[in-house]
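What you see below is based on every heavy atom in this structure, not just the backbone, and it leaves out hydrogens, waters and symmetry mates. These numbers come from a predicted model, not from an experiment. Read the numbers this way: they start at 1 and go in the same order the structure lists the ligands and their atoms.
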Amino acid sequence: MMNHLEKEKQLAAKEAVKLISNNQIVGLGTGSTAIYAVQEIGNLVKQGFNIKGVATSNKTKELAKSLNIPLMDINDVNFIDITIDGADEFNSDLVLIKGGGGALLKEKIVASMTNVEVIIADSSKKVDTLGSFPLPIEVVPFAANYVIRELFHMSGFGKIRISNNQPFITDAGNFIIDTDFGTIADPVYISETLNNIVGIVAHGLFIKLANKVIMGVGESNTTVVYQ
Ligand code: 5RP
């Protein structure tokens, strides 16, 4: 039987996909929640919707291809109508932590080009204060230890993400430093400070990028919208 968080992810994804109109350019998110949305978008394509997808990762690109969703290169579009993506944490100001799946760089670029950024989440992702989930920070490998020392000066404890006993490598060939800042009371300050550290390519704080969060509520089989 499907556990309640999976059910909530599905509920949120179904609700979000209802916001897509025919002939739109749609950003396709990455992660276990976004997968449900991409599958629903595949169903829209099957029904005859003329949708063009822009994938936020190589993984999502492969999934979209397998579902016959036509894809566009991001450099061939000026904007994206709507993007549906997941998050690792969100608060009531719609500030997000993203990057648990390692796709934060492309996700942030896509979100920045998107008119309506819709985040889908299960109920475990809603927090009062961000920071229980270590903040993913994408760095060029050459700068990894320098950045870790700079993070330490900000009271952040960063560890290079490991996968199969090797540093995890992003789609852009970079490392990810998962960083424990404790509770993040001032995400704007952390974000701006990180933006000024050379070697950091992108970090997982998404501020003023999400237009709404649709959260599944398993008990009542419904969704709640934060906007
Ligand atoms: C990938 C992401 C994902 O959206 C985030 O990690 C949430 O993933 P999931 O839906 O599997 O919990 O930011 O880089």
Side-chain angles (χ1 to χ4, degrees), residues 2-17 26-41 53-64 74 80 82-91 94-114 117-127 130-139 160-163 167-180 184 187 191 194 200-207 209-218 223 226:
M2 185 177 275
N3 80 37
H4 82 282
L5 293 182
E6 288 304 308
K7 177 82 200 152
E8 290 180 352
K9 291 176 188 191
Q10 254 188 9
L11 284 167
K14 276 198 177 187
E15 204 54 34
V17 170
V26 180
L28 307 173
T30 295
S32 62
T33 316
I35 283 175
Y36 290 119
V38 178
Q39 285 168 341
E40 288 292 326
I41 292 165
V54 176
T56 54
S57 65
N58 293 342
K59 240 187 195 167
T60 296
K61 191 193 268 182
E62 290 315 309
L63 176 64
I74 192 160
I80 294 161
I82 178 168
T83 291
I84 302 175
D85 202 351
D88 300 299
E89 283 186 353
F90 71 96
N91 69 13
L94 307 193
V95 178
L96 320 172
I97 287 184
K98 284 185 53 57
L104 65 152
L105 174 60
K106 283 187 185 171
E107 289 172 337
K108 209 174 224 185
I109 296 166
V110 167
S112 301
M113 290 176 59
T114 291
E117 175 84 9
V118 181
I119 298 301
I120 50 177
D122 61 67
S123 55
S124 71
K125 306 291 181 64
K126 169 89 174 70
V127 296
L130 299 165
S132 298
F133 194 93
L135 183 68
I137 299 175
E138 180 159 346
V139 299
I160 295 173
R161 186 179 298 181
I162 301 292
S163 167
F168 173 89
I169 305 290
T170 68
D171 285 356
N174 296 316
F175 288 177
I176 292 200
I177 299 175
D178 291 307
T179 308
D180 181 2
I184 299 179
S191 170
L194 294 175
I200 292 181
V201 181
H203 60 76
L205 279 170
F206 281 45
I207 300 172
L209 286 173
N211 298 99
K212 61 173 82 184
V213 178
I214 301 180
M215 187 183 85
V217 185
T223 53
Y226 298 87

Enquirer: Can you tell me which residue and heavy atom of the protein come closest to atom 1 (C) of ligand 1, and the distance to 0.1 Å?
Expert: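 In this structure, atom 1 (C) of ligand 1 has Glu107 OE2, 3.1 Å as its nearest protein heavy atom.
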Enquirer: Among all protein heavy atoms, pick out the one at the shortest distance from atom 3 (C) of ligand 1; state its residue, atom name and that distance to 0.1 Å.
Expert: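 It is Thr30 O, 3.2 Å.
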Enquirer: Please determine if Lys9 forms a cation-pi arrangement with Tyr36, meaning its NZ or CZ atom is less than 6.0 Å from the six-membered ring centre and no more than 45° off the ring axis.
Expert: no
Enquirer: Check each of Thr56, Asp88, Thr60 against atom 7 (C) of ligand 1 and report the one with the nearest heavy atom.
Expert: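 Considering heavy atoms of Thr56, Asp88, Thr60, the nearest to atom 7 (C) of ligand 1 sits in Asp88.
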Enquirer: Should you measure from each heavy atom of Ala103, which atoms of ligand 1 turn up under 4.0 Å away?
Expert: 14 (O)
Enquirer: What protein heavy atom is closest to atom 9 (P) of ligand 1, reported as residue, atom name and distance in Å?
Expert: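 For atom 9 (P) of ligand 1, the nearest protein heavy atom is Ser32 OG, 3.3 Å.
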Enquirer: Quick one: does ligand 1 sit under 4.0 Å from the side chain of Ala87, the backbone, both or neither, non-hydrogen atoms only?
Expert: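 Ala87 to ligand 1: backbone contact only, side chain stays beyond 4.0 Å.
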Enquirer: Who gets closest to atom 13 (O) of ligand 1 by heavy atom: Ser57, Ala37, Gly99?
Expert: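 When every heavy atom of Ser57, Ala37, Gly99 is considered, Gly99 comes closest to atom 13 (O) of ligand 1.
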Enquirer: In the protein, which heavy atom is nearest to atom 10 (O) of ligand 1, and how far is it?
Expert: Thr33 OG1, 2.5 Å
Enquirer: Closer than 4.0 Å to some heavy atom of Asp85 - which atoms of ligand 1 meet that?
Expert: 4 (O)
Enquirer: Which residue from Lys98, Glu89, Lys125 reaches closest to atom 4 (O) of ligand 1 through any of its heavy atoms?
Expert: Lys98
Enquirer: Test the Lys125-Phe133 pair against the cation-pi criterion, namely NZ or CZ under 6.0 angstrom from the six-membered ring centroid and within 45° of the ring axis.
Expert: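 Because its charged atom misses either the 6.0 Å distance or the 45° angle limit, Lys125 does not stack over Phe133.
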Enquirer: Determine whether the aromatic ring centres of Phe168 and Phe175 lie less than 6.0 Å apart.
Expert: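 No; Phe175 has its ring centre 6.0 Å or more from that of Phe168.
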